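Structure, as structure tokens:
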Number of protein chains: 2
Amino acid sequence: MLIFDKNSCKREADMFKALGHPTRLWIVKQLADGQEHCVCEFVEAVGVQFATISQHLTILRQTGILTCEKRGQSVFYRLSCPCILDTLECLANGNAK
Amino acid sequence: MLIFDKNSCKREADMFKALGHPTRLWIVKQLADGQEHCVCEFVEAVGVQFATISQHLTILRQTGILTCEKRGQSVFYRLSCPCILDTLECLANGNAK
DNA sequence: ATGTTATATTGCTAAATAACAAAAAAAGAC
DNA sequence: GTCTTTTTTTGTTATTTAGCAATATAACAT
């Protein structure tokens, strides 16, 4: 018999949700090589308002997917844990319809 | 220099989005052992309207995560590809904050 | 045929999300 | 100190999503 416990899925679901937006997923992929990039690079590439990118980055930071560091006037983002890449790879390899 | 191509991320992002809801993620996990379950089992466990579960299942079906088969009056759902589990495991293992 | 059971679909409303514009903060240059 | 640059935060609005209720569909029982 199946028993649903919402809490047990909430945090994980939030991580999936964070990755469930084209711009955010793309950002994560850009950081896949372990390198860091600054906010302005993303803004330039995506072609959307600074505020919008900043909000996407906040979501990725809050779910623990990214971390950031401020140096000078710029903020640099990186994957907080490279293992997120395994997840991406799993999905990319296995589940193309 | 980074270049954003939205289309390249759209389908993958949709899969993440589908998994980005507690109820849907839970359903996928219940199917993780490869067994199939019928809709009414999910309804009973989650404690939500039949229509609501049906809608969640539709989303999971449309993204290709689940497939279903009708037998008699019941509809049975299963993972369309067990490899989705690797993805779940990757996330569960690696990225707990 | 009618009745019943299991799912799906449609219409509706409330809540969440995405994007922008404008204002606020933080750091460096002067 | 003021000015500029980079980023975040705070409205605001349009779109999307989540859930329910009601209706429709499909299969079986009678």
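Residue numbers begin at 1 in each chain, while the letters A, B, ... track the order of the sequences. In what follows, every heavy atom counts, from backbone to side chain, and hydrogens, waters and symmetry copies are set aside. All figures in this text were calculated on a predicted structure; none of them were measured in a lab.
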If the cut-off is 4.0 Å, is B/T52 near the phosphate of D/dC20, judged by side-chain N/O to OP1 or OP2? yes

On DNA chain C, does the nearest nucleotide to A/Q73 precede the nearest nucleotide to A/T23 from the 5' side, or the other way round? Give the residue. A/T23

Scan B/V43 against the nucleic acid and name what it touches under 4.0 Å (heavy atoms): base, sugar-phosphate only, or nothing. nothing

B/K17 side-chain N/O to C/dT17 phosphate OP1/OP2 under 4.0 Å: no

Nearest to the B/C40 side chain among D/dG19, C/dA18, C/dT7, which nucleotide is it? C/dT7

Across the strands shown, which category fits B/S54 at heavy-atom distances under 4.0 angstrom: base, sugar-phosphate, nothing? base

Phosphate contact (C/dT17 OP1 or OP2) by A/H56 side-chain N/O below 4.0 Å: no

Rounded to whole angstrom units, what separation is found between the CG atom of A/L57 and the P atom of D/dT8? 7 Å

If you compare every side-chain N and O of B/H21 against the phosphate oxygens of D/dG19 (OP1, OP2), does one of them come in below 4.0 Å? yes

Can you check the B/I59 CD1 to D/dT16 C1' distance for me, whole Å? 11 Å

B/R71 backbone acceptor or donor facing B/S74 side chain under 3.5 Å: no

Please tell me which of the listed nucleotides, C/dA18, C/dA8, D/dG19, lies nearest to the side chain of B/V39? C/dA8

Atom CZ of A/F76 and atom P of D/dT8: how far apart are they, to the nearest Å? 12 Å

Using the rule given for side-chain contact (heavy atoms from CB on, under 4.5 Å), can you reason through A/H21 versus B/K17, listing the C-alpha separation, both sets of side-chain angles and the distance that settles it, and then say yes or no? CA-CA 7 Å; A/H21 185 287; B/K17 188 156 69 171; over 6 Å; no

Does B/W26 reach the main-chain N or O of A/I3 with its side chain, forming a donor-acceptor pair under 3.5 Å? yes

Side-chain heavy atoms of A/Y77 within contact of A/I27, under 4.5 Å: no

5′-ward residue of the pair B/G72/A/Y77 relative to DNA chain D: A/Y77

From CZ of B/F42 over to P of C/dA6, roughly how many Å is that when rounded to an integer? 16 Å

Side chain of B/F50 (C-beta onward), nearest among D/dT6, C/dT7, C/dA19: C/dT7

Residue whose nearest DNA chain C nucleotide is more 5′ - A/K70 or A/Q55: A/Q55

When the distance from CD of B/E69 to P of D/dA26 is rounded to whole Å, what number comes out? 18 Å

Qualifying residue, where the test is side-chain contact (heavy atoms from CB on, under 4.5 Å) with B/C68 and the options are B/R61, B/R78, B/E36: B/R61

When the distance from CD1 of B/I27 to C1' of C/dT7 is rounded to whole Å, what number comes out? 14 Å

Could you state the atom-to-atom distance from CG of B/L60 to P of D/dT17 in whole Å? 14 Å

Starting at NZ of A/K10 and ending at P of C/dA16, how long is that distance when rounded to a whole Å? 10 Å

Decide yes or no for B/H56 and B/T52: does some side-chain heavy atom of the first lie under 4.5 Å from some side-chain heavy atom of the second? yes

Assign A/R24 to base, sugar-phosphate, or nothing according to its heavy-atom contacts below 4.0 angstrom with the strands shown. sugar-phosphate

